[in-house]
Amino acid sequence: MAIHAEPAISTVRNVSPFRTDYTTWKVLAWTGPVFLFAVFVLWGIVAHNMPPFPPSATPEEVKAHFHDFRLPLLIALSICVTMTAFYMSWSVAVARVMERVEGPGGLLSKLEMMGGTITCAPVMVTLAIWLTAAHEVNNLTPGIMHMLYWMGWLLFDLAYFVTSLQIAAISIVFMRDTRAKKLVPEPVIWWGWVTFASFFAVSAIPFVTTGPLAFNGVISFWIAFFTWFFWIPSLSYFIIKAVDRIKAEDEAAGRVDA
Amino acid sequence: MSTLSRPGTVTTSRAVPRRLPGVDGVWVAIGADAVIFAILFGSFMQARLHNPAVFEASRHTLNSSLGGIDTLILLTSSWSVALGIQALKRDLVDRAPRYLLGGVLTGLMFMVSKSIEYFEKFTQGIAPATNDFYMWYFTLTGIHLLHVVFGTSLLSYLWIRSRRRAYSSLQRVVPECVASYWHLVDLLWVVIFPLLYLQKAA
């Protein structure tokens, strides 16, 4: 008999023959901050992308940039390509917490997991494109280097709506959390909406090479990226705590196989 | 006297001393939006320092009369929406829709005014790529215009719902959230107008 406030879920969960692996769940939740750390340090600092090399740079300047920083680019980008997968594993952990709000197999939980997973694809491909540019800098013409640099940014930025859908799904579900103390507090949920809104500005990057909307500009880079960079650890903190809270809820309700 | 903390939840005013209008979370979004605009205003001023002559010459091409009218329109709009919330608080449910409609119509007026202004600029051959000033002018006013479009859509939703008597003194969280956002939109314009149209670059 269900004794928790989620009767439909509890009934199904209580008969589950599978054990809930809270430890793995928590480890996956930690991979979000690890992803962010890798992106921030490797892609941002070591690979000299904070701030990005200007979009107004000439092909010769782009080639010189990749030539000058070839070794740090090779090291940072090659590790970062691998570590981008942590965004996917983090998204799985988030989706599982979301399921405890909207029910097992909920549409928005699935959308979140798909959004988080597909976010990895353009990021990984972009990093691989820039890695190729750094690796082949001595064999490629300035025109090709310029094309690879721009191609990376267009892919990296303009695939934003996949991540937007992930963020929207998370925000909607946690807004619907009816617990007296929500698993994810309102400020973090609303910060998600701020991040969602800030992403739209990057749609302008194909059309400008200077100013606030250029891919190195105050809006398209500093605001759009840093709202996301702040959202990931904020949400991760409460997702990690949510795993413990859900475990306690399950134990209190006698749902060892939840 | 009773007050509302969450939709459908009535608590006594003794238990809940004071609360922010709407939900707490919307203030995070409003605060973040204000900070983002503050960063943009700072960046604009920094860009202006690098090229004061171009910014000053370009500023004179803006239609400050139209900018002034826009300011009056948005102040009136905020006032109208504030009256709508007051009406809800006093359970004057029949009055709220007309005030909210006032907010919608003034929002639409702002959009028309901004369209005229942009049309003028484009017919003069002025575009965002013309120089740094116009890049900032179109970016700041364009992002603000998107806020107006979004806010007017939300006010239209409130107007429709309020005509069906969906809101009252005990059910006003959503109108308060939208009104708080709308006041921010007004406040942002009150800064944008002097910054772009009136303030000398050098």
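Below, read A as the first sequence line, B as the second, and so on, with proteins coming before strands; counting in each chain starts at 1. FYI, side chains are in, hydrogens and waters are out, and symmetry mates aren't considered; it's all heavy atoms of this structure.
Close approach to chain A, defined as a heavy atom under 4.5 Å from one of its heavy atoms, is seen in B:Met135, B:Trp136 of residues 100-137 of chain B, taken by number. Heavy-atom neighbours of chain A within the stretch residues 141-160 of chain B, taken at a separation under 4.5 angstrom, comprise B:Ile143.
Contact annotation for A:Val188: neither backbone nor side-chain heavy atoms come within less than 4.5 Å of a heavy atom of chain B. For B:Val35, no part lies under 4.5 angstrom from a heavy atom of chain A. Of the two parts of B:Ile36, the backbone and the side chain both hold a non-hydrogen atom closer than 4.5 Å to a non-hydrogen atom of chain A.
Between chain B and the residues A:Pro185, A:Gly211, A:Pro187, the largest count of heavy-atom pairs under 4.5 Å involves A:Pro187. Chain B forms more heavy-atom pairs under 4.5 Å with one residue of A:Phe200, A:Trp193, A:Phe207, A:Trp191 than with any other, namely A:Trp191. Between chain A and the options B:Ile39, B:Asp33, B:Leu140, B:Val28, the largest number of non-hydrogen pairs under 4.5 Å is found for B:Val28.
Other residues, nucleotides and ligands contribute over 12 non-hydrogen atoms within 6.0 Å of the CH2 atom of A:Trp222. In this structure, A:Phe226 places its CZ atom where more than 12 heavy-atom neighbours from other residues, nucleotides or ligands lie under 6.0 Å away. Residue A:Tyr237 places its OH atom among 12 or fewer non-hydrogen atoms of other residues, nucleotides or ligands, all under 6.0 Å distant. Around atom CZ of A:Phe230, no more than 12 heavy atoms belonging to other residues, nucleotides or ligands sit under 6.0 Å away.
For the pair A:Ile219/B:Leu40, a side-chain contact is recorded, criterion being any heavy-atom separation below 4.5 Å from C-beta on.
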